[in-house]
Amino acid sequence: MTRDFYARGVLDVARDLIGCVVRFGSAAGVIVETEAYHDSEPACHAFVGLTPRTRILFGPPGFSYVYRSYGIHALLNAVAEPEGVGAAALIRALQPLDGLDRMRARRGLHRVDQLCSGPGKLTQALGIDLAQNGLDLDSGPLTIEPRPAAWRDPPTIASTRIGITKAIELPWRFSAAGNPHVSRPRPPGWPA
DNA sequence: CATGGGATTGACT
DNA sequence: GTCAATCCCATGC
């Protein structure tokens with residue numbers, strides 16, 4: 001995806017990332033769940049303003065923001081909105097596409113729907129760590145590619161974000177409707 | 001320099 | 001359902 005894609009509002013970016021492909025090394029997956037974060041609301045790391053940590057968030061769009069969560073997991077974001085605005089889309093779940101065996105080895109699991117069904121799971125499956133913070137997502141080695149033909153205009157559900165304590169009411173979580181790789185808990189009204 | 005709080009996960013009752 | 005693991009970073013003294 002080129003720079004213009006990410007320079008738009010973070011809600012549009014998060015929604016339109018559904019169906020795009022994350023690729024790192026031999027592993028790749030289709031994005032089936034995202035969340036939007038913006039410096040105007042307190043759940044966003046950039047809410048505190050410009051610090052060493054948030055420098056990437058306020059920088060130019062189209063770069064990766066990877067941080068450690070709960071001391072254990074690396075979480076992957078795509079920086080959005082023009083430079084000077086601190087915003088990013090959190091990649092929360094993938095449908096595995098390439099490199100399944102490598103993912104299984106890294107995750108220590110076999111079932112496909114357990115490989116990338118969470119923000120910490122997918123980074124582990126792809127081998128993404130803090131070393132991948134601040135990379136240009138259009139030039140590699142970590143890339144986000146346009147939707148495959150089968151993923152044109154995927155039905156998408158908006159719901160409230162997961163695992164946060166502030167601004168919990170904002171419906172800024174986006175999920176591919178009915179996709180088995182979306183993380184738990186599932187949004188209200190999830191298709192049977 | 002010390003402290004407190006997580007954009008989670010997996011194991012266990 | 002509960003709970004611990006574990007570390008980076010922002011803040012305050």
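We use all heavy atoms of the structure for the numbers below, so side chains are in, but hydrogens, waters and symmetry mates are not. Every chain is numbered from 1 and lettered A, B, ... according to where its sequence line falls, protein lines coming before strand lines.
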Provide, to the nearest angstrom, the distance between the CG atom belonging to A:L75 and the C1' atom belonging to C:dT6.
15 Å
Just how far, in rounded Å, is P of C:dC9 from OH of A:Y67?
12 Å
Is the side chain of A:D129 donor-acceptor paired with the backbone N or O of A:A131 at a distance under 3.5 Å, no angle test?
no
Tell me the interatomic distance from A:Y70, atom OH, to C:dA5, atom P, rounded to whole angstroms.
15 Å
Mind calculating the distance between CZ (A:F47) and C1' (C:dT11) to the nearest angstrom?
15 Å
On DNA chain B, check which nucleotide each of A:G118 and A:T165 is closest to and give me the residue with the more 5' one.
A:T165
Do the side-chain N and O atoms of A:R106 and A:Q124 include a donor-acceptor pair separated by under 3.5 angstrom?
no
Within the pair A:K166 and B:dA7, is there a side-chain N or O less than 4.0 Å away from OP1 or OP2?
no
Expressed as a whole number of angstroms, how long is the span from A:H73:NE2 to B:dG6:C1'?
12 Å
If you group Ile, Leu, Val, Met, Phe, Trp and Tyr by side-chain heavy-atom gaps below 4.5 Å, do A:I144 and A:L76 land in one group?
yes
Touch class at under 4.0 angstrom, heavy-atom based, for A:R107 against every strand present
sugar-phosphate
Tell me: NE2 of A:H45 to C1' of C:dC7, nearest whole Å?
13 Å
Looking at C:dA10, I'd like to know if its phosphate oxygens (OP1 or OP2) sit under 4.0 Å from a side-chain N or O belonging to A:T51.
yes
Heavy-atom nearest nucleotide on DNA chain C taken for A:L130 and for A:I72; more 5' hit belongs to A:I72
Could you tell me whether A:R92 contacts a base, only the sugar-phosphate backbone, or nothing, with contacts defined as non-hydrogen atoms closer than 4.0 Å?
sugar-phosphate
Distance in angstrom units between A:L50 CG and C:dC9 P, rounded
14 Å
With a 3.5 Å distance limit and no angle check, can you tell me whether A:Q132 reaches the backbone of A:S64 through a side-chain donor-acceptor pair?
no
Nearest-angstrom distance from the residue atom OH of A:Y65 to C1' of B:dA7
9 Å
